[in-house]
Amino acid sequence: MKQILLFMTFFVLSFADTEFAEPKPSIDNPRKIVFPITKGDDESINHVLSSANNVMKFYGPENVNIAIICYSKGIRTLLKKEKKIAVRVRSLQTYDVEFIACGNTMRTLKIKPEDLIEDVEIVTAGIVELVERDLKGWIYIRP
């Protein structure tokens, strides 16, 4: 009997709704979330893009600001020539997800601004952008 009760308690708790912390996310007070992409393999890139999409779906696009900062090998995410990834990036951009490229990485890998998907912001250093966003209250998530 005890085991059945424990199982039922676990089952109920495993499907509990997430409670929002105060202040609750809203258009006037959106959650601000920043994701880095530092690896260039398909699995790592798609994992971050899917995570960002899931967060946006949960909160609603009007209640969350998302920035994805790409540096090191993760810069591949933002290259026009990566057609399948570019489709996903453009889709997220339609919901105002920011995509940011590291200028240091671009210089090191000889990537020109015209090699990037349209509407990608370029900053001097991707890692510094992460630090500054954190200091401004953005939540850093590394999936």
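These numbers were taken from a predicted model, which means no experiment stands behind them.
Hydrophobic clustering of Ile, Leu, Val, Met, Phe, Trp and Tyr side chains at less than 4.5 Å, counting indirect connections, keeps I45 apart from I69. There is a path of hydrophobic side-chain contacts, each under 4.5 Å, that joins Y140 to V123. Hydrophobic clustering, with ILVMFWY side chains joined whenever heavy atoms are under 4.5 angstrom apart, keeps F35 apart from I100.
Residue pairs that meet the salt bridge (Lys or Arg N to Asp or Glu O under 4.0 Å) test with at least one member in residues 60-72, sequence neighbours left out, do not exist here. Within the structure, the salt bridge (Lys or Arg N to Asp or Glu O under 4.0 Å) test picks out no pair touching residues 99-124 (sequence neighbours left out). Listed by first and then second residue, the ring-ring contact (aromatic ring centres under 6.0 Å, His included) pairs involving residues 62-103 amount to none (not counting sequence neighbours).
What you find for V48 and I37 is that their closest heavy atoms are CG1-CG1, 3.5 Å. Taking all atoms of both residues into account, the shortest heavy-atom contact from I85 to T77 is CG2-O, 3.4 Å.
Through chains of ILVMFWY side-chain contacts below 4.5 Å, V131 is grouped with L135.
Between the side chain of N63 and the backbone N or O of P30, no donor-acceptor pair lies under 3.5 Å. Checking side-chain atoms of S91 against main-chain N and O of V87 turns up no donor-acceptor pair under 3.5 Å.
Residues satisfying the side chain to side chain contact (heavy atoms under 4.5 Å, CB included) criterion with V128, sequence neighbours excluded, are A125, E132. Annotation: side chain to side chain contact (heavy atoms under 4.5 Å, CB included) contacts of K32 (sequence neighbours excluded): N65, W138. When the salt bridge (charged side-chain N to carboxylate O under 4.0 Å, His left out) test is applied to R76, the partners found at least two apart in sequence or on another chain are D42, E82. Applying the side chain to side chain contact (heavy atoms under 4.5 Å, CB included) rule to A101 yields the partners I75, L78, M106, L116, V120, I122; only residues at least two apart in sequence or on another chain are considered. For R133, the salt bridge (charged side-chain N to carboxylate O under 4.0 Å, His left out) partners are E98, E129, not counting sequence neighbours. For F58, the side chain to side chain contact (heavy atoms under 4.5 Å, CB included) partners are T18, F20, not counting sequence neighbours. Considering only residues two or more places apart in sequence or on other chains, R142 meets the side chain to side chain donor-acceptor pair (under 3.5 Å) condition with T38. Remark: D41 engages S44 in a side chain to side chain donor-acceptor pair (under 3.5 Å) (not counting sequence neighbours).
Residues L49 and I68 are in side-chain contact: their nearest non-hydrogen atoms beyond the backbone lie under 4.5 Å apart. Between I117 and L79 the shortest side-chain heavy-atom distance does not fall below 4.5 Å. The shortest side-chain heavy-atom distance between L130 and I127 falls under the 4.5 Å cut-off. Side-chain contact between V34 and D134 is absent, with no heavy-atom pair separated by less than 4.5 Å.
A distance of 8.5 Å separates CZ of R31 from OG of S26, quoted to the nearest 0.5 Å.
Donor-acceptor pairing under 3.5 Å is recorded for the side chains of R88 and S50.
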